J.: 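Please see the structure below; I have some questions.
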Amino acid sequence: MSVMRYAEALRLAMTEEMERDDRVFICGEEVGQYQGTFRVTEGLLERFGARRVVDTPISETGISGLATGSAMAGLRPIAEFMTWSFALEAMDVLVNHAAKITYMSGGRVKCPAVFRGPAGTGNQLSAQHSQSLEAWYAHIPGFKIAMPATPEDAKGLLKTAIRDDSPVIFMEHAGLYAQRGEVPDDPEFTVPFGLAAIRRTGSDVTLISYSHMVGSCLKAAEVLEKEGVSCEVIDLRTIVPLDTEAITASIRHTHRAVVAQEEWKSVSIVSELASLIYELCFDDLDAPVERVGGPMTPMPYAKNLERAAIPNEKNVIEAIRKVLA
Amino acid sequence: MSVMRYAEALRLAMTEEMERDDRVFICGEEVGQYQGTFRVTEGLLERFGARRVVDTPISETGISGLATGSAMAGLRPIAEFMTWSFALEAMDVLVNHAAKITYMSGGRVKCPAVFRGPAGTGNQLSAQHSQSLEAWYAHIPGFKIAMPATPEDAKGLLKTAIRDDSPVIFMEHAGLYAQRGEVPDDPEFTVPFGLAAIRRTGSDVTLISYSHMVGSCLKAAEVLEKEGVSCEVIDLRTIVPLDTEAITASIRHTHRAVVAQEEWKSVSIVSELASLIYELCFDDLDAPVERVGGPMTPMPYAKNLERAAIPNEKNVIEAIRKVLA
Amino acid sequence: MTKPAVETNQKELVSKEEMLSLYRLMLLIRRFEESTYRKYREGKIGGYLHRYDGQEALVAGIIPQLRKDDYILCTYRDHAHALACGTDPRHVMAELMGRATGCAYGKGGSMHLIDPDNGFYGGDGIVGGPVPIALGVGYAIKYRGGDQVCVCYFGDGAFNQGGVHESLNMSALYGIPVLFILENNKYAMGTRVERSTHQSDFLLKARAYGIEAERMDGMDVLEIRSRTQSIISNMRRESKPYFIEMNAYRFLGHGVADNPQQQKFYRSESEIEEWKNRDPIHLLGRKLEKMGWLDDSEKEQIEESVKLDVEEAISYAERSPEPAIEALYEHVYG
Amino acid sequence: MTKPAVETNQKELVSKEEMLSLYRLMLLIRRFEESTYRKYREGKIGGYLHRYDGQEALVAGIIPQLRKDDYILCTYRDHAHALACGTDPRHVMAELMGRATGCAYGKGGSMHLIDPDNGFYGGDGIVGGPVPIALGVGYAIKYRGGDQVCVCYFGDGAFNQGGVHESLNMSALYGIPVLFILENNKYAMGTRVERSTHQSDFLLKARAYGIEAERMDGMDVLEIRSRTQSIISNMRRESKPYFIEMNAYRFLGHGVADNPQQQKFYRSESEIEEWKNRDPIHLLGRKLEKMGWLDDSEKEQIEESVKLDVEEAISYAERSPEPAIEALYEHVYG
Ligand SMILES: Cc1ncc(C[n+]2csc(CCOP(=O)(O)OP(=O)(O)O)c2C)c(N)n1
Ligand SMILES: Cc1ncc(C[n+]2csc(CCOP(=O)(O)OP(=O)(O)O)c2C)c(N)n1
Ligand SMILES: [Mg+2]
Ligand SMILES: [Mg+2]
């Protein structure tokens, strides 16, 4: 085990996989000479050379094509979006090509590409930059989606993503890059997809989230512990595949659930989780599921408005109180 | 009243609005000289000239920019996507520009553009063409979304869309273009946004859907009527704004609900509807809400597989039987 | 003989056997395409259906000289490309009919033929779609240090897609061995080239990215064959992109729905007739005849053998089962 | 004087008053920009922050000669454009501080300044983003039969965005009066132009769409002023696009995070120094001095008055309230 930042854990995952497998390479804007906009790819150009760490023009469609096509031809590319917002420029390649080529070809061609980069809200980046669209990708069959909440998972999930034969949407959270934590040194350490982590056990209510929001759930759980409320906190780690067993097992036990995410609330991951929970646990539920999500407004710039627009532990606490009422 | 096809009703709406308001114009691929890929814009070039019926290159980003920018500058464009699948090429303009400019500018600039075209599945068009992503747009604040199920609504909703000061996602269904129905002649006839239509009243179960799926719900209702089951069928007509009152009023009465759509089931409109119904009607519900939606697979080409992949009245009937069980 | 110099030159490069096999390939494509409309009208083929009639030389002049480890990508107008790659006509027809024996097991259909074993990485339903993909495929070649090439076909209309521009730029920037073949058949559906761009010399567009570019007569399979030979062998040595604008023509409508009546909205019958006078199959046939390499009975023989292939493809496809329903859920993930 | 011919020519075109006002505007922009880093470090400005230092002539040479009913769009590097459009510096600073009195009521921030009353249709956080929008704005001009122009600024890095290509093509196709200003400041973040395209003559790229194009010295405000004057009046008469590549330089890092240490990864200090020797403000100042139109005390006076403007903008912004929380839910729809 070593203590390192989330961003370093990602770098370690890529370094190890690039050492292990010559087919793995990285491409994206400023990933090389500039050392990465968020330093995630720092030092990799020097280590692996320009063949395997490819600085690109500001051409998200081209970048996605580079990754998708090279994956179809047998490489294992990692394409970095400077932020996931810019993937909006590449939706056709992602959705109509990367996600579907395996199916359209009857499995004759695969697309083992990882698309990664920072997502999430915050930092007054305002409407065009501050958003993450995991709900979109989860609506599209063909993608797997990982959203790590800890440095350990950042490493373990990214390694699994690189080794997976499907296109993986890998969403990091800019607000987590500096977070420190223990990370296994073992180069064979991976975190399997579809296996949620119980971050805290509890008996009164199940809090289900992923990525940055897991921290808010844990904080909420701590606050409510003082009031004698025992919260179980589930970190989904991957949205697709989804660990429905972990969810149902917990709710069978707590009979109450709060589902929380940072993103827009309507037609979202929490919508799916809530309706799924009803379908799977209708008789176990003692109260309606509470959804925590962002308000249906673009992200405003002003600090006070932004604060009001990003769900935090207070919103989770409110939701818990509601399901317990 | 005149009897006409859905496609003709759309054309009538555009013709009337172009007569009424010189700021309204149409742009898109093959909308003019070719007379429209699906004949929706037939004759409009001859009637209104090339200034107001603009044939474009195959440049969906450019088309969307043409509409968004000209709307910001005071026109009222109608941009046609040859099919909604191709809007994947224009996601940045749609989501990061059209939907957000009003908010980002504090309301100083508006974007009264209509983006329209055929959506929906079917006709063996396979993975890249056969899809509609209303769930995506509904996740994004700033868009209004209309999806007419009848010729009358096609006319009335499109006229409302053109007159609206927000960007409107207007999804037609290729499978409905040839459907005939009565359409009011009155050039001031419009259908307001956010007002669902009760297509059939009933007391045992509420079926909620929109667009082509309304027909399947009506067929299911007819079949089950013979078994003594009384179905209420709600056609949402617009997804955003959503007529939650119509939904809750009906469920308060029937205590059971089936939500049905043609598109992928996960993280979708029916996910949102189901979780919303639980939130709004938890105590009124006698059974879990049933979701009908497409399987999580890209659309296959083979006739038999496609048939199995597109939800129809049989799936609705099954769902009804489940909520009644 | 109108261009004796070139002819001589080509004679050296293209043997009798090869010329005959190009003739046969083009004829196979033509007869195969003709049969698809019949099958469509019988309701055995569904979805969209785009024929390649008139453009046969664009694939015949290039694909047969490629190696099995080269890559080919193209648009939805892809039956010809599959056949030129050597995909069994039976598997192509079975795919068009949505059968389990189709080259994509019935999941792809007309627009999504694919056959990686023969280097064919697929048709693509999205205008401009194959171009970013080709960039990546080409990068894989370069990455592995191979001397293969990737040939990417796309249409004149596709040049107006932003992704095409990004990919052309990146292919030149990195020196990626993609041979871009612009199938300039003058129309994108009903839109004539001049109605989609103010400056319709595509060579200038390609050169703006620093890509070497030239134009060829898309009706003359021997010209294409001989001129591309050196281009391709150069690319194998130098790893860089190349761009060819093919001066071609689409004899039929864009797809099934674009029937002769519909075509009147955007082109004249006399224009079509003029181009048909330069039918690439007849052009090559006449050359072969003049050289004494093809007489009427040999022609008849080829015609017969092609006809048999097409009939066999149809009967194979019709005898083939639909995919099992479970296949619906297979191949969603890699 | 190095270029006397042009100077004389410019003297005729640009009056003393105008030259002084351009000088003042560029200085205001420079001082305003300098203050933003201070306020950022104080935590009063958040988000991303991109300064225009060194590029002032690109806006000063063009925007002041426009009419109030013309349109201007640009990138996230937009403070200068707003100020040149005549947006009150107080409302610009208030926007940067996220106040209710900001030009976007605090909702936009640095990257999304906007002021439609002064023809400024906004900064844009998306690289290449303003170009498709400008196409539409320009179409509205043509549609209404007006003689306005739309000026669209974008970066050298943005030229690699597909949407830019689609829009350039369509603007030429329809004859839309957009003046495209390529702010070629040599870098896109840390990527030098030659590392993002194999063929870096942007004029060839613009001309590939049939757009008339030329290059200008982006450090010489008078050259820009006089050469664009006739271009713009032509555009008003003829309704067609025009493209200018501005040879410019970004004195500072891309944004706040791109500090001098970071810049070492991609450019040398001596390169920066070389360009700073041609600082557009100093160039114009020296010209004014040589003409006897600006002495030290007058210079000092302008410096003082600009300083006051910036201080007043800051104090206004700091006194202004944050937006009301209800504003969060306002303006989602039109
Ligand atoms: C992104 C996208 N936009 C629109 C379409 C619809 N469409 C299919 S083919 C076609 C015309 C393409 O013309 P061209 O590129 O010249 O190829 P050709 O059909 O002539 O071979 C259009 C507009 C599409 N498939 N994809
Ligand atoms: C589509 C998109 N991709 C990436 C970014 C991140 N980004 C912001 S500015 C920038 C560099 C742009 O360079 P250039 O166009 O030359 O403009 P300059 O900053 O030099 O004025 C990048 C990569 C973005 N905002 N949008
Ligand atoms: Mg064409
Ligand atoms: Mg730049």
Side-chain angles (χ1 to χ4, degrees), chain B residues 22-25 27 50-52 54-77 79 89-93 95-113 140-144 164-168 193 240-241, chain D residues 71 73 95 100 102-109 111-117 121-126 128-145 148 150 152 161-171 173-174 176 178 323 327-334:
Chain B
D22 184 61
R23 297 169 304 170
V24 180
F25 77 99
C27 59
R51 169 176 165 264
R52 301 187 69 191
V54 183
D55 273 325
T56 66
I58 310 173
S59 304
E60 283 78 9
T61 296
I63 294 167
S64 303
L66 190 65
T68 301
S70 63
M72 286 167 60
L75 301 187
R76 306 191 80 85
E89 304 280 5
M91 271 314 143
D92 178 73
V93 178
V95 170
N96 256 342
H97 291 84
K100 291 178 182 167
I101 186 63
T102 303
Y103 197 80
M104 292 193 296
S105 69
R108 294 185 74 186
V109 173
K110 296 193 194 317
C111 181
I140 305 296
F143 290 127
K144 296 183 178 175
D164 200 289
D165 276 343
S166 304
V168 177
F193 280 10
V240 180
Chain D
Y71 296 86
L73 290 109
E95 189 59 36
C103 61
Y105 307 121
K107 279 187 168 160
M111 299 193 285
H112 304 295
L113 300 178
I114 195 162
D115 186 7
D117 296 343
Y121 274 65
D124 194 323
I126 299 302
V131 187
I133 307 301
L135 171 72
V137 169
Y139 190 72
I141 294 172
K142 189 183 169 79
Y143 189 90
R144 286 189 287 242
Q148 300 116 285
C150 173
C152 178
Q161 273 291 336
V164 170
H165 145 111
E166 297 186 10
S167 307
L168 290 174
N169 183 57
M170 288 169 77
S171 73
L173 179 64
Y174 301 131
I176 293 183
V178 179
L328 176 60
Y329 301 97
E330 287 163 7
H331 306 309
V332 176
Y333 297 106

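Note on naming: letters A, B, ... go to the chains in the order of the sequence lines (proteins, then strands), and numbering restarts at 1 for each one. Below, each value reflects all heavy atoms present in this structure, side chains not excepted, and no hydrogens, waters or symmetry copies. Fair warning: this is a prediction, and the values are worked out from it, not measured in the lab.
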J.: Could you look at D:A327 and say if it's the side chain, the backbone, both or neither that has a heavy atom under 4.5 Å from chain B?
T.: backbone

J.: Only pairs of heavy atoms separated by less than 4.5 Å count here; which of D:S171, D:G136, D:C103 has the most with chain B?
T.: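 Ranked by heavy-atom pairs under 4.5 Å with chain B, first place is D:G136.
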
J.: To the nearest 0.5 Å, how far apart are OH in D:Y174 and CG in B:L66?
T.: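 D:Y174 OH to B:L66 CG: 6.5 Å, rounded to 0.5 Å.
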
J.: At a heavy-atom separation under 4.5 Å, does B:V168 approach chain D through its side chain, its backbone, both, or neither?
T.: neither

J.: Which residue out of D:G163, D:S167, D:P323, D:G129 racks up the most heavy-atom pairs below 4.5 Å with chain B?
T.: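 The option with the most such pairs is D:G129.
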
J.: To the nearest 0.5 Å, how far apart are NE2 in D:H331 and CD1 in B:I101?
T.: 12.5 Å

J.: Any idea which of D:L113, D:V332, D:V164 has the most non-hydrogen atom pairs under 4.5 angstrom with chain B?
T.: D:V332

J.: First locate atom NE2 of D:H112, then atom OG of B:S105, and finally report the distance between them rounded to the nearest 0.5 Å.
T.: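 If we round to the nearest 0.5 Å, D:H112:NE2 and B:S105:OG are 11.0 Å apart.
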
J.: Tell me which of these, D:I133, D:L168, D:I141, has more heavy-atom pairs under 4.5 Å with chain B than the rest.
T.: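 Greatest number of close heavy-atom pairs with chain B: D:I133.
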
J.: Are any of the side-chain heavy atoms of B:I63 and D:E166 separated by less than 4.5 Å?
T.: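 Side chain of B:I63 against side chain of D:E166, heavy atoms only: no contact under 4.5 Å found.
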
J.: B:F25 versus chain D, heavy atoms under 4.5 Å apart: side chain, backbone, both or neither?
T.: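 It is both, since atoms from each part get that close.
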
J.: How long is the gap from CG on B:D92 to CG on D:D124, to the nearest 0.5 Å?
T.: 7.5 Å

J.: With a 4.5 angstrom heavy-atom cut-off, which part of B:P141 approaches chain D: side chain, backbone, both or neither?
T.: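 Both parts, heavy atoms under 4.5 Å.
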
J.: Side chain, backbone, both or neither: which part of D:D115 has an atom under 4.5 Å from a heavy atom of chain B?
T.: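 For D:D115, heavy atoms of backbone and side chain both lie under 4.5 Å from chain B.
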
J.: So which part of D:I126 gets closer than 4.5 Å to some heavy atom of chain B, the side chain, the backbone, both or neither?
T.: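 For D:I126, the contact with chain B is made by the side chain alone.
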
J.: So, the side chain of B:R108 versus the backbone of D:Y105: is there a donor-acceptor pair under 3.5 Å, distance only?
T.: no

J.: Examine whether an atom of D:C150 lies under 4.5 Å from a heavy atom of chain B, and if so say whether it belongs to the side chain, the backbone or both; otherwise answer neither.
T.: neither

J.: Tell me, out of B:M104, B:E89, B:H97, who's got the most heavy-atom pairs with chain D below 4.5 Å.
T.: B:H97

J.: Between B:A50 and chain D, with a heavy-atom cut-off of 4.5 Å, which part of the residue counts as in contact: side chain, backbone, both or neither?
T.: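 It is the backbone, since no side chain atom gets that close.
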
J.: Would you mind reporting whether D:Y143 and B:R52 have side-chain heavy atoms less than 4.5 Å apart?
T.: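 SC-SC contact between B:R52 and D:Y143 confirmed.
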
J.: Using heavy-atom distances under 4.5 Å, tell me whether B:D22 contacts chain D through its side chain, its backbone, both, or neither.
T.: both

J.: Where is the tightest heavy-atom contact between B:G62 and D:L135, given as atom of each residue plus distance?
T.: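 Taking every non-hydrogen atom into account, O-CD2, 3.4 Å.
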
J.: What part of D:E95 gets within 4.5 angstrom of chain B, counting heavy atoms only: side chain, backbone, both, or neither?
T.: neither

J.: Using atom types as modelled and distance alone, determine if a side-chain donor or acceptor of B:Y103 lies under 3.5 Å from a backbone N or O of D:L328.
T.: yes

J.: Tell me, out of B:R23, B:K110, B:R51, who's got the most heavy-atom pairs with chain D below 4.5 Å.
T.: B:R51

J.: Does any N or O in the side chain of B:S70 come within less than 3.5 Å of the main-chain N or O of D:A140, such that one atom is a donor and the other an acceptor?
T.: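 Answer holds: no.
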
J.: Return the option, out of B:N96, B:V54, B:T61, B:D165, with the maximum number of heavy-atom pairs under 4.5 Å with chain D.
T.: B:T61

J.: Less than 4.5 Å to any heavy atom of chain D: does that hold for the side chain of B:T56, its backbone, both, or neither?
T.: both

J.: If we define contacts as heavy-atom pairs under 4.5 Å, which of B:D164, B:T68, B:V109, B:I58 has the most with chain D?
T.: B:V109

J.: Which atoms of B:E60 come close to chain D, meaning under 4.5 Å heavy atom to heavy atom: side chain ones, backbone ones, both, or neither?
T.: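 Backbone only.
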
